[in-house]
Protein chains: 2
Amino acid sequence: MLTAERTDRYDLWMPVPRGSTIDPARTRAAILEAATRVLYERGLDGIGVAELCTRVGVSKETLYRHFGTKDGLVDAVLRARSDRVTNWLAAAAAAAGDDPSDQLAAVFDALQRWYDEPAFRGCAMLNAAAQHHVDAVRTLTARHLDRYLELLTGIAARAGAVDPSGLSRQLLMLVEGATVVAAHHDPAGAATAARQAALTLLSAAARPGRQD
Amino acid sequence: MLTAERTDRYDLWMPVPRGSTIDPARTRAAILEAATRVLYERGLDGIGVAELCTRVGVSKETLYRHFGTKDGLVDAVLRARSDRVTNWLAAAAAAAGDDPSDQLAAVFDALQRWYDEPAFRGCAMLNAAAQHHVDAVRTLTARHLDRYLELLTGIAARAGAVDPSGLSRQLLMLVEGATVVAAHHDPAGAATAARQAALTLLSAAARPGRQD
DNA sequence: AAGAGATCGAACCGATCGGTACGACCTGAG
DNA sequence: CTCAGGTCGTACCGATCGGTTCGATCTCTT
């Protein structure tokens with residue numbers, strides 16, 4: 001197993017450099033990566049453990065030894081996903097230079113690239129929280145939004161906003177709202193429209209005057 | 001059955017004016033109303049038909065005769081929910097007078113009252129679409145967003161926005177984003193913050209100048 | 001009084017669920 | 001070579017799922 005010829009599986013272990021075929025840590029990472037995609041595509045409760053193991057390419061015993069429970073796997077998947085997405089957005093902002101407006105625009109440009117992917121199915125954290133009425137999942141989702149908020153608050157503060165945390169909350173709504181609209185209505189240009197709105201809010205907050 | 005003493009049930013048939021206790025249409029309406037609450041609280045797949053019947057207060061045979069299938073019940077529930085919410089928001093806007101800004105503010109004020117309810121658990125349509133990967137549900141959700149968009153486009157047009165449909169899409173993102181933030185992060189003042197952002201966008205779009 | 005129909009409650013069905021157990025295989029370490 | 005252990009494939013478990021069936025009960029209509 002863990003070789004590379006199959007059609008109905010994700011071949012994430014391809015770059016294995018030969019040798020040490022049985023490496024528990026690598027097996028765990030491969031399960032995590034493949035399960036992330038499958039669970040995102042099908043929904044947490046939309047696929048059973050048996051079929052999930054087939055798609056991932058491991059036996060049930062292996063999956064259960066590494067993650068103990070389906071909920072344990074879901075928890076690990078969501079944590080990894082939250083980390084990855086947050087780092088990806090922060091990197092996009094950082095790569096845009098020092099101008100806070102440019103950084104904010106870069107965040108939405110990154111989101112638009114995500115929306116345009118054929119596999120895009122909305123925010124995995126929100127989908128999970130909407131399905132699984134488990135406290136652990138809801139807590140992870142809230143923490144995920146906290147991380148977004150932290151990123152946006154930094155941008156708002158550097159832009160000289162009068163109320164950085166208030167503004168960042170509005171920007172967070174644009175981020176999540178754009179994701180919802182892209183997932184459930186029309187992904188074309190969703191983040192681009194949200195970007196324009198975000199920049200309008202940013203400039204209005206940085207140059208306080210009449211806004212309400 | 002359909003009398004009024006139970007503790008773990010929703011007593012929606014109380015205003016029955018005596019007589020004609022067995023009225024299929026009324027039974028169907030009662031199931032629909034109670035199932036709407038229970039499915040919203042527990043999630044579409046979070047409760048089985050057996051327990052759902054107990055909570056609703058009907059037998060399985062009755063439920064299946066009226067709705068044929070659990071999916072049939074879900075479909076009917078979501079359609080009714082979409083109608084109700086849309087009409088409720090439109091009424092809130094209409095009651096605010098003729099000023100488009102006042103109408104927009106009234107929409108968000110209504111949303112804030114919703115977020116403040118203890119039973120608030122996010123947008124039922126989005127939750128359903130995130131859970132049930134069935135085309136019928138996703139279609140209903142898209143239509144639901146279309147209705148929101150129609151309401152917001154009317155307001156944007158009456159406000160004299162340069163690009164009413166573009167603005168209304170941004171406003172829709174604020175509506176949905178505020179709902180997401182309220183459901184998964186913090187409901188306090190979510191719609192109020194979104195309202196301020198919406199009015200900023202509205203005035204910027206109605207009085208075009210530098211906005212990006 | 002009698003029949004039609006709506007409802008109940010409980011038993012029942014096959015399918016699927018999450019999770020466990022076991023024998024066989026293979027690999028790397030000593 | 002031998003052994004420990006990661007993995008596979010399959011069978012299996014009890015629970016729950018959506019859905020069906022049936023006899024008893026109740027109400028309205030005629």
Side-chain angles (χ1 to χ4, degrees), chain A residues 1-6 8-9 13 16-32 34-35 38-39 42-77 131-134, chain B residues 1-6 8-9 13 16-32 34-35 38-39 42-77 131-134:
Chain A
M1 195 42 55
L2 295 192
T3 52
E5 58 284 0
R6 283 300 185 87
D8 57 338
R9 296 183 178 175
W13 39 73
V16 171
R18 301 309 303 152
S20 103
T21 304
I22 294 184
D23 178 346
R26 194 178 300 270
T27 300
R28 188 191 146 98
I31 295 174
L32 202 57
V38 176
L39 289 175
R42 298 277 296 269
L44 301 187
D45 294 328
I47 187 172
V49 174
E51 186 185 352
L52 190 135
C53 286
T54 301
R55 296 281 296 267
V56 169
V58 296
S59 67
K60 293 178 77 173
E61 180 166 0
T62 298
L63 186 144
Y64 275 103
R65 179 151 28 78
H66 280 292
F67 297 96
T69 284
K70 189 185 183 184
D71 282 342
L73 172 64
V74 166
D75 189 87
V77 161
Q131 296 166 40
H132 243 271
H133 278 209
V134 182
Chain B
M1 198 37 62
L2 294 192
T3 52
E5 59 284 359
R6 282 301 185 88
D8 57 339
R9 295 183 180 177
W13 38 75
V16 172
R18 299 308 304 151
S20 103
T21 304
I22 294 185
D23 178 345
R26 194 178 301 271
T27 301
R28 188 191 146 97
I31 295 174
L32 203 57
V38 175
L39 289 175
R42 297 278 297 269
L44 301 188
D45 295 327
I47 188 172
V49 174
E51 186 185 353
L52 190 134
C53 285
T54 302
R55 296 279 296 266
V56 168
V58 297
S59 66
K60 293 177 78 173
E61 179 165 4
T62 299
L63 186 142
Y64 276 103
R65 178 151 31 76
H66 281 291
F67 297 96
T69 284
K70 190 185 182 184
D71 282 341
L73 173 65
V74 166
D75 189 86
V77 161
Q131 296 166 43
H132 243 272
H133 276 210
V134 182

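Computed from a prediction, not measured in an experiment: that's the story for all the values here. Sequence lines set the chain letters: A, B, ... in the order given, protein chains first and strands last, and positions in each chain run from 1.
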Problem - Stretch residues 67-76 of chain B: residues that reach within less than 4.0 Å of DNA chain C through a heavy atom - result: none

Handout entry: side chain to side chain contact (heavy atoms under 4.5 Å, CB included) partner of A:Thr27, chosen from A:Thr62, A:Leu63, A:Leu32
Key = A:Thr62

Problem - Within-4.5 Å side-chain heavy-atom neighbours: A:Val74 and A:Val134 - result: no

Completion exercise
Taken to the nearest whole Å, CZ/B:Arg65 to P/C:dA6 is 6 Å

Problem - Length of the line joining B:Glu61:CD and C:dA10:C1', which is rounded to integer Å - result: 12 Å

Fill in the blank from the handout: From the candidates C:dG18, D:dG19, D:dT7, the one with an atom nearest any side-chain atom of B:Tyr64 is D:dG19

Fill in the blank from the handout: Output for pair (A:Lys70 NZ, A:Lys60 NZ), nearest 0.5 Å, gives 10.5 Å

Exercise for the section: Figure out the CD1/P separation between A:Ile47 and C:dT16, and round it to whole Å. Expected result: 14 Å

Handout entry: Atom pair CD/CZ of B:Glu51 and B:Arg42 - distance to nearest 0.5 Å
Key = 4.0 Å

Practice task
Find out whether B:Asp45 and B:His132 are in side-chain contact, i.e. whether some heavy atom of one side chain is under 4.5 Å from a heavy atom of the other.
Solution key: yes

Practice task
Return the value, rounded to whole Å, for the distance between atom CG of B:Leu52 and atom C1' of D:dC17.
Solution key: 13 Å

Problem - Any N/O donor-acceptor pair, A:Lys60 side-chain to D:dG9 base, under 3.5 Å - result: no

Practice task
Would you tell me if any nitrogen or oxygen in the side chain of A:His66 comes within less than 4.0 Å of OP1 or OP2 on D:dG6?
Solution key: no

Exercise for the section: Output yes when at least one side-chain N/O atom of A:Ser59 is less than 4.0 Å from OP1 or OP2 of D:dT10, else no. Expected result: no

Practice task
Quickly work out the A:Leu63 CG to D:dG6 C1' distance and round it to whole Å.
Solution key: 14 Å

Exercise for the section: Indicate yes or no: at least one non-hydrogen side-chain atom of A:Ile31 is less than 4.5 angstrom from one of A:Leu73. Expected result: yes

Exercise for the section: Rounded off to whole Å, could you give me the CG-to-P distance for the B:Asp45 and D:dG18 pair? Expected result: 8 Å

